[in-house]
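Worth saying up front: this structure is predicted, and the values here are computed from it rather than measured. Just the heavy atoms: all of them, side chains too, but no hydrogens, waters or symmetry mates, feed the values below. Read the numbers this way: they start at 1 and go in the same order the structure lists the ligands and their atoms.
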Amino acid sequence: MAERAARRCCLGWDFSTQQVKVVAVDAELSVFYEDSVQFDRDLVEFGTQGGVHVHKDGLTVTSPVLMWVQALDIILEKMKASGFDFSQVLALSGAGQQHGSVYWKTGASQVLTSLSPDLPLREQLQACFSISNCPVWMDSSTAAQCRQLEAAVGGAQALSRLTGSRAYERFTGNQIAKIYQQNPEAYSHTERISLVSSFAASLFLGSYSPVDYSDGSGMNLLQIQDKVWSQACLGACAPRLEEKLGRPVPSCSVVGPISSYFVQRYGFPPGCKVVAFTGDNPASLAGMRLEEGDIAVSLGTSDTLFLWLQEPTPALEGHIFCNPVDPQHYMALLCFKNGSLMREKIRDESASGSWSEFSKALQSTEMGNGGNLGFYFDVMEITPEIIGRHRFSAENREVSAFPREVEIRALIEGQFMAKKIHAEALGYRVMPKTKILATGGASHNRDILQRWGAVSSFSPRKPALYSSHGEQVQSYTQ
Ligand SMILES: Nc1ncnc2c1ncn2[C@@H]1O[C@H](COP(=O)(O)OP(=O)(O)O)[C@@H](O)[C@H]1O
Ligand SMILES: O=C(CO)[C@@H](O)[C@H](O)COP(=O)(O)O
């Protein structure tokens with residue numbers, strides 16, 4: 001305990017789809033404290049599944065904002081109970097699931113700046129939001145708003161050149177437009193709109209934290225080259241939007257010292273710096289120290305593929321975001337919605353809910369699956385827009401079912417084949433020195449990673465595959 005008390009550190013937070021996580025990192029970059037609060041397990045009163053509520057239309061997907069606030073209360077109390085020495089925290093920053101948005105009610109900023117250290121955040125912030133269920137990245141209910149936005153700026157290609165992406169249903173500008181159109185009263189009572197990342201930073205700051213360039217690129221609102229809001233896009237989405245968003249800032253900006261609430265309640269030093277929070281994928285690019293030529297695959301709730309780019313190359317598929325490390329550079333990203341939750345479903349149906357049974361099935365089947373192929377999209381996919389389960393036998397006939405081991409391998413090979421095909425179509429190239437770095441919950445599963453390595457090796461140039469802990473899972477030499 002004495003040693004822990006003397007350890008100066010920085011905290012990293014992650015407000016992701018299924019949980020809030022924290023890590024403490026010391027001066028040698030060693031992680032010496034980790035904790036998490038899982039929404040479904042630890043906050044059952046909110047009744048989420050996978051951290052979200054899927055509405056009756058099957059398209060609208062939201063999360064309760066107070067669940068995120070309470071998760072922060074719980075995790076800080078757990079840290080305090082474990083004897084964590086907050087006085088040694090020099091700075092903190094973090095990440096949030098991308099695209100989700102939080103709507104602060106008029107007067108909320110006053111509450112944020114005058115929080116009482118005697119009460120948890122949840123109790124004090126309950127009346128601070130004009131929308132209690134926040135749209136999140138899994139939402140695909142804004143097709144109409146997407147078409148309106150593209151029409152307003154001269155088409156999908158023009159929007160992509162300007163903001164890095166054609167209109168996507170989960171992107172925040174389209175979500176804001178839907179809220180303005182369907183609930184104008186709530187919109188007019190909103191004084192500030194945050195992303196999940198800048199919302200989390202605002203809690204620590206005790207005032208509104210700006211949106212950073214990198215996460216701001218996932219809104220269909222930011223001109224990614226000039227780093228300013230596009231007036232055409234703002235105007236197409238909702239009135240008086242610029243004042244509700246505030247000015248965007250570089251992702252590495254120090255946005256201020258920690259709020260006195262955390263100093264008094266937990267013992268943080270008053271000088272503890274809050275660095276702008278960003279999106280979880282940009283944060284992974286920074287944290288994995290991705291270099292040019294490397295490809296990262298994040299296997300969180302979503303599966304994403306991303307890489308560092310010098311120059312933006314906007315297209316009709318995939319996204320270009322501002323780079324979180326170097327504001328002159330960019331990152332490219334592909335997002336697949338049917339990631340971990342789809343794997344969990346097949347695990348439950350075909351492997352008795354056990355990852356080790358799932359692994360055994362992968363080990364007992366051959367690469368290529370005897371010619372059987374499967375593509376599994378239980379929810380409307382993002383890349384490409386498709387839904388349903390599609391299985392093909394070795395004779396290329398569509399079939400309705402596979403034996404369980406074949407089903408499991410078809411899922412994993414199909415998921416990674418789709419990633420490879422879409423990535424190559426966008427010009428991602430696996431070079432002899434390419435490292436493929438894997439992160440996210442499913443990257444702990446060596447058997448899944450090994451199949452991914454095998455699918456990558458269909459390429460004539462063969463990469464090495466690493467887990468986020470730097471362990472080489474598979475190496476292919478020429
Ligand atoms: N051993 C494992 N094998 C495969 N998937 C796993 C394993 N452990 C965890 N996962 C998956 O990781 C997912 C959560 O990943 P995580 O990166 O924590 O998500 P998020 O950050 O989006 O909340 C779960 O949905 C789960 O399916
Ligand atoms: O929509 C995207 C990226 O564009 C998702 O990747 C979200 O950022 C959610 O991330 P995870 O919770 O799956 O890590």
> At a non-hydrogen distance cut-off of under 4.0 Å, which region of Thr304 contacts ligand 2 (side chain, backbone, both, or neither)?
Replying inline: side chain
>> What protein heavy atom lies closest to atom 6 (O) of ligand 2? Include the residue and the distance to one decimal.
In response: Ser302 OG, 2.8 Å
Between ligand 1 and the protein, find all N/O pairs closer than 3.5 Å and give the distance for each.
| residue | atom | partner | partner atom | Å |
| --- | --- | --- | --- | --- |
| ligand 1 | 3 (N) | Asn445 | ND2 | 3.0 |
| ligand 1 | 15 (O) | Gly441 | N | 3.3 |
| ligand 1 | 17 (O) | Gly441 | N | 2.9 |
| ligand 1 | 18 (O) | Gln19 | NE2 | 2.8 |
| ligand 1 | 18 (O) | Lys21 | NZ | 3.3 |
| ligand 1 | 21 (O) | Ser16 | OG | 2.9 |
| ligand 1 | 21 (O) | Lys21 | NZ | 3.1 |
| ligand 1 | 22 (O) | Thr301 | N | 3.0 |
| ligand 1 | 22 (O) | Thr301 | OG1 | 2.6 |
| ligand 1 | 23 (O) | Ser16 | OG | 2.8 |
| ligand 1 | 23 (O) | Gln18 | N | 3.1 |
| ligand 1 | 23 (O) | Gln19 | NE2 | 3.0 |
| ligand 1 | 25 (O) | Gln18 | NE2 | 2.9 |
| ligand 1 | 25 (O) | Glu344 | OE2 | 2.5 |
| ligand 1 | 27 (O) | Glu344 | OE2 | 2.5 |

>> So which atom in Gln145 and which in Ser141 form the shortest heavy-atom distance, rounded to 0.1 Å?
In response: OE1-O, 4.2 Å
> Do the two ring centres, one from Phe204 and one from Phe262, sit under 6.0 Å apart?
Replying inline: yes
>> Taking Lys337 first and then Glu169, would you say they form a salt bridge - that is, a charged N and a carboxylate O separated by under 4.0 Å?
In response: no
>> Using 30° and 60° as the class boundaries, would you call the ring planes of His99 and Phe171 parallel, tilted or perpendicular?
In response: parallel
> Applying a 4.0 Å heavy-atom criterion (strictly less than), which segment of Ile382 is in contact with ligand 2: side chain, backbone, both, or neither?
Replying inline: neither
> Ring centroid separation for Trp104 and Phe199, is it under 6.0 angstrom?
Replying inline: yes
> Applying a 4.0 Å heavy-atom criterion (strictly less than), which segment of Arg170 is in contact with ligand 2: side chain, backbone, both, or neither?
Replying inline: side chain
> Nearest protein heavy-atom contact for atom 4 (O) of ligand 2: which residue, which atom, what distance?
Replying inline: His99 NE2, 2.7 Å
> Considering only the protein, which heavy-atom contact is closest to atom 12 (O) of ligand 2, and what is its distance?
Replying inline: Thr17 OG1, 2.5 Å
> Sub-3.5 Å donor-acceptor pair from the side chain of Asn369 to the main-chain atoms of Arg409, do we have one?
Replying inline: no
> Which ligand 2 atoms, with their elements, are less than 4.0 angstrom from a heavy-atom of Gln98?
Replying inline: 3 (C), 7 (C), 8 (O)
>> Any heavy-atom pair between the side chains of Trp68 and Leu121 that's under 4.5 Å?
In response: no
> Do any nitrogen or oxygen atoms of Ser16 lie less than 3.5 angstrom from nitrogen or oxygen atoms of ligand 2?
Replying inline: no
> Where is the nearest protein heavy atom to atom 14 (O) of ligand 2: which residue, which atom, and how far?
Replying inline: Asp280 OD2, 2.8 Å
> Does the side-chain contact (heavy atoms from CB on, under 4.5 Å) test come out yes or no for Arg122 and Leu72, once each step is laid out?
Replying inline: CA-CA 9 Å; Arg122 155 115 202 231; Leu72 179 57; over 6 Å; no
>> Taking side-chain contact (heavy atoms from CB on, under 4.5 Å) as the criterion, tell me which of Ile74, Leu76, Val22, Val23 meets it with Asp35.
In response: Val22
> atom 2 (C) of ligand 2: which protein heavy atom is closest, and how many Å away?
Replying inline: Cys335 SG, 3.5 Å
> Taking atom types as modelled and ignoring hydrogens, do the side chains of Asn281 and Ser284 form a donor-acceptor contact shorter than 3.5 angstrom?
Replying inline: no
> Which residue and non-hydrogen atom of the protein lie closest to atom 9 (C) of ligand 2, and at what distance in Å?
Replying inline: Trp137 NE1, 3.3 Å
> Can you find a side-chain donor-acceptor pair between Gln18 and Asp40 that sits under 3.5 Å?
Replying inline: no
